[in-house]
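Worksheet: one structure, shown below.
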Amino acid sequence: MQLYQDQELKIYNSLTGQKDIFKPINEGHIGMYVCGPTVYSNVHLGNVRTFMSFDVIFRYLKHLGYKVRYVRNITDAGHLENDADEGEDRIAKKARLEQIEPMEVVQRYTVDFHTILQKFNFLPPSIEPTATGHIIEQIEIIKEIMDKGLAYEVNGSVYFDVLKFNETNNYGKLSGRNIEDLIHNTRELSGQTEKRNPQDFALWKRAEPQHIMRWPSPWSDGFPGWHLECTAMSTKYLGEQFDIHGGGMDLKFPHHECEIAQAEACNGHSPVNYWMHANMLTLNGKKMAKSTGNNILPNEIFSGNNDILSKAFAPNVVRFFILQAHYRSILDFSNDALLASEKGFNKLMEAMNCLDQLETSGSSDFDVNKWKQDCYNAMNDDFNSPILIAQLFEAVKQINQIKDGKASITTEDLNTLKETMNAFVFEVLGLVDAVADKDDTDKLSGVVELLIRLRAEARANKDFATSDKIRDELLAMGIQLKDGKDGTSFSVS
RNA sequence: GGCACCGUGGCCGAGUGGCUAGGCAGAGGUCUGCAAAACCUUGUACAGCAGUUCGAAUCUGCUCGGUGCCUCCA
């Protein structure tokens, strides 16, 4: 018996525009593909938000008992800077500017990506394939599409024939566009002489002599088009049809639309049952983007070395901040919002820490089982992490009251409470209590306990000058003493 | 210009036809040597205008403001 058999999960599906009841193709198994980063510069917080949304989705699906194959690619073949023929691959450009090999660019920023995600306590995906590792598969798909008559070659480049595809299929169904609008509203771009129509997109591009990244193909020495790698890799590892495809909202059009077109052209049916799109993280009210420079890097947040924040923030606090908003809402990043999240996060962690010291009694003032199901209901409703967090704070309130002897709980209920809190806080939301090294923590505890005893003696002797000195100076060091009914405890910030 | 989306109390941010979201901040109280922490109590918010309805922040229309996509981007 798995949890998913008791919980009805609904997912907002971009394809249908509504929350659909989730039903995997193969019971108990889920295939999920998420478009990963293009590794030509450091991953910024906006990128992180999207991947974090899917990290929590991955975690919750696993928590429900599904066997999930989660594929998140690394785009290391670059993309063209624009749609024109003279466009330059971003990775190649970076390599040229820094006078290094393109693969050095890729390696550097792939390592950065992994390091940052690790700090945020991401679970690694099941498979993390690279575009350059799947050139052959991409060429095979192009051949297939050409055989179906939906692509054409011009001067060694191959383009997808969108208008012809649209005669039998519906190009634009994901992003709600129709082909006439697209035709009438296409911007004038130079250098598109090779395409039959501006809506067509490249499957293969012939490399100019100066282009560094190139592979042989039946049409030319060149490189694959912008949208093909995801079709190739998702098909290879998840099959022609799979359950969930995710990515940032900005990829909905044209990237995901083109993926659908390629897969339908190649395999004759729609590739994905549930399309999910995470919304943008904004900074100063504008989308964060590498290309515009409106962004903040995670390491700048952790170190406090930036112009936006008043202090440094721990990865966990940032994670908590992001998860306090729903993944489909735009979230604005600011100092005030982060400060508020930090306090809330600390409050949650303090409650977690005192969970083991609670005393039980013969009755409960708190309907733990109802609360537990409310937590599930929150996540079942399109992964509503802010509602879940609100529920967690309901529990925090109860925990604090029990600790103060103002409410009671039975042993059985306390066990349920502990299990559920641990499951949602650590397993599903992926938060970690940022405690330092265990050894150091024990030593620190010993030292602070000693000071607490000295202060208690001073207070007993009405030597408040000494007792307040201990309390205030510890506070200045970030150690807060808390006087309760049965003695003094402390917390480190 | 086209297509979407959004506008919630001091701040962040859920909800979306009648039922307390939650966090932070603020106010009052309990506790304390004084504090802090914790706990209790406390806020009649839904851009504006008009309409539908017994009832709208939630539906419809218009107005204003903002964002995203339409070109690589999470």
Side-chain angles (χ1 to χ4, degrees), chain A residues 17 34-38 40-41 43-54 75 78-84 87-90 172 175-178 180-182 184-187 189 199 226 246-255 257 277-282 285-292 320-321 324-326 328-345 347-348 350-351 354 378 381 384-394 396-397 400-401 403-407 459 462 464 467-468 471-472 475 480-485 488-491:
Chain A
V34 171
C35 292
T38 307
Y40 66 92
S41 63
V43 62
H44 63 71
L45 197 66
N47 304 115
V48 169
R49 186 198 182 189
T50 295
F51 301 130
M52 191 181 290
S53 300
F54 289 102
T75 297
H79 284 301
L80 293 186
E81 291 242 298
N82 56 51
D83 214 358
E88 188 175 9
D89 185 301
R90 279 189 186 279
S175 53
R177 286 152 213 254
N178 68 62
E180 283 77 23
D181 288 345
L182 289 172
H184 291 135
N185 295 304
T186 301
R187 293 186 194 176
L189 292 169
Q199 291 70 41
W226 314 273
M249 199 71 100
D250 50 351
L251 298 183
K252 199 171 179 181
F253 188 90
H255 183 60
E257 206 69 74
H277 291 97
N279 219 322
M280 300 293 99
L281 183 68
T282 60
K286 300 272 188 211
K287 172 190 171 184
M288 274 192 206
K290 294 174 200 178
S291 48
T292 58
F320 183 74
F321 161 73
Q324 269 187 306
H326 186 80
R328 282 193 291 115
S329 299
I330 293 171
L331 173 62
D332 193 53
F333 184 83
S334 70
N335 191 54
D336 286 352
L338 222 45
L339 281 170
S341 285
E342 184 175 51
K343 292 205 173 186
F345 175 74
K347 184 173 173 181
L348 177 63
E350 299 234 353
C354 72
D381 185 14
N384 200 321
S385 57
I387 296 276
L388 171 63
I389 290 172
Q391 289 299 335
L392 296 179
F393 276 106
E394 290 301 321
V396 167
K397 196 170 174 181
N400 286 332
Q401 288 193 31
K403 187 182 70 179
D404 272 22
K406 289 178 175 160
R459 291 178 71 195
K462 304 242 185 252
F464 297 123
S467 67
D468 287 356
R471 178 228 282 161
D472 297 340
L475 186 63
Q480 183 178 47
L481 299 186
K482 298 171 183 180
D483 295 327
K485 281 256 187 302
T488 303
S489 60
F490 72 97
S491 68

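Convention: sequence-line order gives letters A, B, ...; per-chain numbering from 1. A quick note: this is a predicted structure, and the numbers were derived from the prediction, not measured.
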Spatial distance of atom [atom1] ([X]) from atom [atom2] ([Y]) [nearest 0.5 Å]:
X	Y	atom1	atom2	value
A:Phe320	A:Leu338	CZ	CG	11.0 Å
A:Ser175	A:Leu182	OG	CG	7.0 Å
A:Thr38	A:Trp226	OG1	CH2	13.5 Å

Heavy atoms under 4.0 Å, any strand shown: does [X] hit a base, just sugar-phosphate, or nothing?
X	answer
A:Lys252	nothing
A:Asp472	nothing
A:Ser467	base
A:Leu339	nothing
A:Gly46	base
A:Gly36	sugar-phosphate
A:Phe464	base
A:Ala325	sugar-phosphate
A:His44	base
A:Asp483	base
A:Ala337	sugar-phosphate
A:Glu350	nothing
A:Arg49	nothing
A:Lys462	nothing

Residue of the set A:Lys347, A:Gln401, A:Gln391 for which side-chain contact (heavy atoms from CB on, under 4.5 Å) holds with A:Val396: A:Lys347

Counting just side-chain N and O atoms, does [X] come under 4.0 Å of either OP1 or OP2 of [N]?
X	N	result
A:Asn384	B:A14	no
A:Thr38	B:A74	yes
A:Lys403	B:C39	no
A:Lys287	B:A74	no
A:Lys397	B:G22	no
A:Ser329	B:A14	yes

Side chain [X] and base [N] donor-acceptor under 3.5 Å:
X	N	value
A:Arg328	B:C5	no
A:Arg177	B:A4	no
A:Asp468	B:G33	yes

Please give the nucleotide sitting opposite [N] as a Watson-Crick or G-U wobble pair, both distances under 3.5 Å, or none.
N	result
B:G1	B:C70
B:U42	B:G26
B:G7	B:C64
B:C19	none
B:U58	none

What is the distance, to the nearest angstrom, from the [atom1] atom on [X] to the [atom2] atom on [N]?
X	N	atom1	atom2	answer
A:Phe51	B:C73	CZ	P	11 Å
A:Leu481	B:C34	CG	C1'	15 Å
A:Gln401	B:U30	CD	P	18 Å
A:Glu342	B:G22	CD	P	22 Å
A:Asp250	B:A4	CG	P	19 Å
A:Asp336	B:G23	CG	P	18 Å
A:Ile330	B:C69	CD1	P	10 Å
A:Leu475	B:A37	CG	P	9 Å

Could you walk me through whether A:Lys287 and A:Asp250 satisfy the side chain to side chain contact (heavy atoms under 4.5 Å, CB included) test, starting with their C-alpha distance in whole Å, then the side-chain angles of each, then the deciding distance to 0.1 Å, before giving a yes or no? CA-CA 10 Å; A:Lys287 172 190 171 184; A:Asp250 50 351; 3.4 Å; yes

If you apply the rule side chain to side chain contact (heavy atoms under 4.5 Å, CB included), what do you find for A:Phe54 with A:Met52, and how did you get there? CA-CA 5 Å; A:Phe54 289 102; A:Met52 191 181 290; over 6 Å; no

Using the six-membered base ring of B:G23, report whether A:Phe393 stacks on it, requiring centroids under 5.5 Å and planes under 30° apart. no

Distance between [atom1] atoms of [N] and [M] (Å, rounded):
N	M	atom1	value
B:C5	B:G15	P	16 Å
B:G18	B:G10	P	24 Å
B:A57	B:G48	C1'	13 Å
B:U42	B:G23	P	14 Å
B:U8	B:A4	P	23 Å
B:A45	B:G22	C1'	15 Å
B:C24	B:C62	P	41 Å
B:U60	B:U52	P	15 Å

Side-chain contact check for A:Gln480: nearest option of B:C34, B:A21, B:A37 is B:A37

I want to verify a distance call: between B:A36, B:A25, B:G33, whose nearest atom is closest to the A:Lys343 side chain? B:A25

Walk me through whether A:Asp483 and A:Arg459 qualify under side chain to side chain contact (heavy atoms under 4.5 Å, CB included). CA-CA 12 Å; A:Asp483 295 327; A:Arg459 291 178 71 195; 3.7 Å; yes

How far apart are the closest heavy atoms of [X] and [Y], and which atoms are they?
X	Y	value
A:Leu331	A:Arg49	N-NH1, 3.5 Å
A:Asn384	A:His326	CA-ND1, 3.7 Å
A:Leu251	A:Cys35	CD1-CB, 3.5 Å

Of A:Phe253 and A:Ala278, whose nearest nucleotide on RNA chain B comes first from the 5' end?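 In this pair, the answer is A:Phe253.
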
For A:Lys347 and A:Leu45, find the nucleotide of RNA chain B closest to each by heavy atoms; which residue's nucleotide sits nearer the 5' end? A:Lys347

